[in-house]
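Note that ligands are numbered from 1 as they come in the structure, with each ligand's atoms numbered from 1 the same way.
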Amino acid sequence: MTNALRLGIAGLGTVGTGVLDIVKKHGGLLAQRAGCPVVVTGVSARNKGRDRGHDLSAFAWHDDPVALAKSADVDVFIELMGGDSGPAKAAVEAAIAAGKHVVTANKALLAHHGTALARAAEDKGVMLNFEAAVAGGIPVIKTLREGLAGNGVRRIFGILNGTCNYILTKMADEARSFADVLAEAQKLGYAEADPTFDVGGFDTAHKLAILTSLAFGTQVNVDKIAIEGIEAITLEDIRNAAQLGYKIKLLGVAVEHEGGVEQRVHPTLVPKNSPVSETDGVFNAVVIRGDFVGDLMLEGRGAGSHPTASAVVGDVVDIARGNRRPVFGIPARDLKPFKQAPQKAHEGGYYVALRLLDKPGAVAAVARILADERISIESIVQRGTATGEQTRETAPFILITHNTLEQSIRSAMGRIEKDGHVAGHPRVIRIERL
Ligand code: HSE
């Protein structure tokens, strides 16, 4: 058998130990699939003494991931530390400069430096693989880069954060609070070290930026994503949505228009009969519209040790097989500069939750403003039919609009808030009629 492919793993947390599990369990299978033995030769992590359920004594230990990245005993550097700068960036750059292939699960690093790193890797003739960076175990990168190479992609969207989907699902199914379910997700190892990354929508944005680049051949640009997280979603919203035939999901959406690409991350009402509405718990789903293939949806576990490690090891086997292709599907130097589509031009349906003051003319006042802004109502839930939050002074008033321009909704909400017939701020959630 040919020489072994030698792996250096930086980061032995949830995903790193998952990779060790796979290499240990499937050594023989991997050797057959890769055409050579796949062995771990070196590791690096913050805490040497922690029990990870693996004997690390056979691996060279490096306190410094950069030293591991440059080590003569490593062919493939696997970066599982996370973070868009600092040691992760330094080590990946060092590995590429030293002519090592790189496999990373680091979406933040790619979202911020993907184009530059892809150029560096392509200039050096090494692979930079990142299947694990988007949607955990779902092979969406390979699908976009290889399986759909014959298509122009028109639109891509998905549930890209397992933690958020887990939280929204549990809130709905078990009528539990946001904070309670978040704590559980952290215990189960789904959430990022800083949960704001998950619940604030940033993790989804990082993943969306990577998908956008692969889908539309643009330079990676995470700064031009309108991001809204799920922190403000209440049980009340989830119940109202259910009553109106919708579920609430955190979606990342990218659409190519003539004027540029629209990228957005926000909680979204999706019809209960749409395929993504069935994607619950820690599962992720990605829907891709290709001009020849039509719509396709990939679904699977988007977070957790073994699903994410599965994607890492798939990338390693690809490298062993000599499967060489541009990092983002077309040479990095040919990626178009990212051009943002004007956000105010977005058109879609909206869920609007108001607390209407209990006085004559309140409904008429709201209706007048909506009519002025040419916003058409699809359905309404009023006092007595919506649950909770009803007081003597205010009553919930829930509207679902037909497709409306974003600027009309913004303008209407500004006027309604100032008009003196509602308490608090209107709550607005987009609807995607998929
Ligand atoms: N925290 C991420 C999630 C892990 O919940 O999906 C995978 O990126």
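Sorted by first and then second residue, the side chain to side chain donor-acceptor pair (under 3.5 Å) pairs with a member in residues 277-286 read Lys247-Asp280, Lys249-Asp280, Thr279-Glu299; sequence neighbours excluded.
Other residues, nucleotides and ligands contribute only 12 or fewer heavy atoms inside 6.0 Å of the CZ atom of Arg46.
Take His425 and apply the side-chain hydrogen bond (donor to acceptor under 3.5 Å, both in side chains) test, not counting sequence neighbours, and it matches Glu417. Every residue meeting the side-chain hydrogen bond (donor to acceptor under 3.5 Å, both in side chains) condition with Arg427, not counting sequence neighbours, appears here in chain and number order: Asp237.
Listed by chain and residue number, the protein contacts of ligand 1 are Lys107, Asn161, Gly162, Thr163, Tyr190, Glu192, Asp198, Asp203, Lys207, Gly302, Ala303 (heavy atom within 4.0 angstrom).
Ring geometry for Phe328 versus Phe130: interplanar angle of 30 to 60°, hence tilted.
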Side chain to side chain contact (heavy atoms under 4.5 Å, CB included) for Phe283 and Ile159? Distances and angles first, verdict last.
CA-CA 8 Å; Phe283 279 73; Ile159 296 172; over 6 Å; no

